[in-house]
Amino acid sequence: MKPIYLIIPLFVVGVGLFTAQAAQVNEGNGNVETQENNEEVTITEGVDIVVATIEEMKGAIKLDPKNTEKLNQLGNKLDEKWDLIEERVEETYPKDYKNIEDSLYPLIAESKKKSPNIKTLNKLIPETTDKLIQFNEKITQ
C-alpha cells in the first residue's frame with residue numbers, strides 16, 4: 001500500500017504544474033479569446049492552431065484521400081479553430097483577414113463537402129498555410 005501513498009502526491013503536483021504551465025502559455029499580448037475549456041488564445045497562438053489543423057488535414061489526405069469522413073471532421077475542426085480568432089483578425093488586420101479568407105473559406109467549404117475534391121484541397125492547403133505563416137510573421141515583428 002505504501003507505493004500508492006507516494007503516487008498520489010506526485011499526481012497532485014503534476015496536475016498543479018500542468019495548470020501553472022497552461023496559465024503561463026496563455027499570457028500574451030492582451031488579444032485573447034476564451035475556448036470551451038477556458039483556455040485563452042492570442043491571435044498568434046490561434047494562427048498556429050489553425051496551421052496545425054491544416055497540416056493535420058494534409059496528413060489525412062496523404063494517409064487516405066478517400067476518407068471523406070475524416071476530411072469532413074477536419075473541415076469542421078478548422079472552421080472552429082479559425083472562429084477562435086476570426087473576429088479579432090478581421091477588426092485588427094482587415095487586409096490580412098481578406099487575404100487569408102480568400103483561400104481559407106474555400107478550403108473549409110471543400111473539406112466539408114460530401115465528396116471533397118482532393119486536387120482542390122491540395123491546391124488550397126499550401127496557399128492558405130503560406131498566408132497564415134506570413135501573417136503570423138508580420139504580427140510578431
Side-chain angles (χ1 to χ4, degrees), residues 1 3-141:
M1 286 303 243
I4 291 177
Y5 294 119
L6 296 174
I7 293 173
I8 292 173
L10 290 174
F11 176 77
V12 172
V13 170
V15 169
L17 288 174
F18 177 76
T19 305
Q21 286 175 339
Q24 289 174 353
V25 167
N26 294 325
E27 293 175 3
N29 61 9
N31 287 331
V32 294
E33 185 70 23
T34 303
Q35 287 187 36
E36 294 170 18
N37 57 1
N38 294 328
E39 288 183 39
E40 295 175 345
V41 176
T42 66
I43 291 176
T44 305
E45 291 169 337
V47 170
D48 288 341
I49 291 168
V50 170
V51 169
T53 305
I54 293 172
E55 288 298 316
E56 189 178 348
M57 184 180 294
K58 181 179 173 181
I61 291 170
K62 284 183 181 181
L63 187 64
D64 184 4
K66 294 180 182 183
N67 188 346
T68 57
E69 183 179 333
K70 180 68 173 175
L71 294 175
N72 294 160
Q73 289 172 351
L74 289 169
N76 288 325
K77 181 178 176 181
L78 181 57
D79 198 9
E80 289 173 17
K81 299 306 179 185
W82 177 245
D83 282 348
L84 294 173
I85 59 169
E86 178 180 16
E87 189 177 301
R88 287 176 291 139
V89 173
E90 183 177 20
E91 290 172 3
T92 313
Y93 307 97
K95 288 181 182 178
D96 296 301
Y97 171 80
K98 169 88 172 85
N99 180 44
I100 292 166
E101 292 256 322
D102 284 345
S103 58
L104 179 63
Y105 271 163
L107 175 60
I108 292 169
E110 189 64 40
S111 63
K112 289 181 172 186
K113 287 182 178 177
K114 186 175 182 179
S115 296
N117 184 315
I118 300 304
K119 286 183 181 181
T120 302
L121 291 176
N122 282 331
K123 176 187 173 285
L124 291 169
I125 286 173
E127 183 180 325
T128 308
T129 302
D130 290 344
K131 289 178 181 183
L132 288 164
I133 290 170
Q134 288 174 6
F135 173 66
N136 232 4
E137 288 172 356
K138 173 185 173 180
I139 66 173
T140 57
Q141 290 180 352

**Q** Out of the candidates Lys81, Glu91, Glu101, only one should pair with Glu86 under the side chain to side chain contact (heavy atoms under 4.5 Å, CB included) rule; please name it.
**A** Glu101
**Q** Holding to side-chain contact (heavy atoms from CB on, under 4.5 Å), I want the full list of residues that pass it with Asp102, two or more places apart in sequence or in another chain.
**A**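 For Asp102, the residues satisfying side-chain contact (heavy atoms from CB on, under 4.5 Å) (neighbours in sequence not counted) are Lys98, Lys131.
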**Q** Residues in side-chain hydrogen bond (donor to acceptor under 3.5 Å, both in side chains) with Glu90, at least two apart?
**A** none
**Q** I need the Asn122 CG to Asn117 CG distance, nearest 0.5 Å.
**A** 9.0 Å
**Q** Can you classify the ring geometry of Tyr97 versus Trp82 as parallel (below 30°), tilted (30 to 60°) or perpendicular (above 60°)?
**A** parallel
**Q** Rounded at 0.5 Å granularity, tell me how far CD in Gln134 sits from CD1 in Ile100.
**A**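 Going from the CD atom of Gln134 to the CD1 atom of Ile100 covers 9.5 Å.
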**Q** Are Ile43 and Phe135 packed together at the side-chain level, in the sense that at least one heavy-atom pair is separated by less than 4.5 angstrom?
**A** yes
**Q** Which residue pairs pass the salt bridge (Lys or Arg N to Asp or Glu O under 4.0 Å) test with at least one member in residues 109-120, sequence neighbours excluded?
**A**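 Qualifying pairs: Asp79-Lys112, Glu110-Lys113.
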**Q** Is Pro116 close to Asn72 at the side-chain level, that is, under 4.5 Å between some pair of heavy atoms?
**A** yes
**Q** For Lys138, give me all partners under side-chain hydrogen bond (donor to acceptor under 3.5 Å, both in side chains), at least two apart in sequence or on another chain.
**A**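 Lys138: side-chain hydrogen bond (donor to acceptor under 3.5 Å, both in side chains) contacts with Asp96.
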**Q** Under the 3.5 angstrom rule, does the side chain of Ser111 hit a backbone N or O of Ile108 as a donor-acceptor pair?
**A** yes
**Q** Not counting sequence neighbours, which residues clear side-chain contact (heavy atoms from CB on, under 4.5 Å) with Glu69? List them please.
**A** Asn67, Gln73
**Q** Would you mind writing out the side-chain donor-acceptor pairs for residues 47-65 within the sub-3.5 Å range, not counting sequence neighbours?
**A**
residue, atom, partner, partner atom, Å
Asp48, OD1, Asn136, ND2, 2.9
Thr53, OG1, Ile49, O, 2.9
Glu56, OE1, Lys77, NZ, 2.8
Asp64, OD1, Lys66, N, 3.2

**Q** Run Ile118 and Leu71 through side chain to side chain contact (heavy atoms under 4.5 Å, CB included) and show every step you take.
**A** CA-CA 10 Å; Ile118 300 304; Leu71 294 175; 3.8 Å; yes
**Q** With rounding to the nearest 0.5 angstrom, report the CG to OG1 distance, Leu84 to Thr42.
**A**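 Leu84 CG to Thr42 OG1: 11.0 Å, rounded to 0.5 Å.
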**Q** Indicate yes or no for a side-chain donor-acceptor contact from Thr128 to the backbone of Ile125 under 3.5 Å, with no hydrogens or angles considered.
**A** no
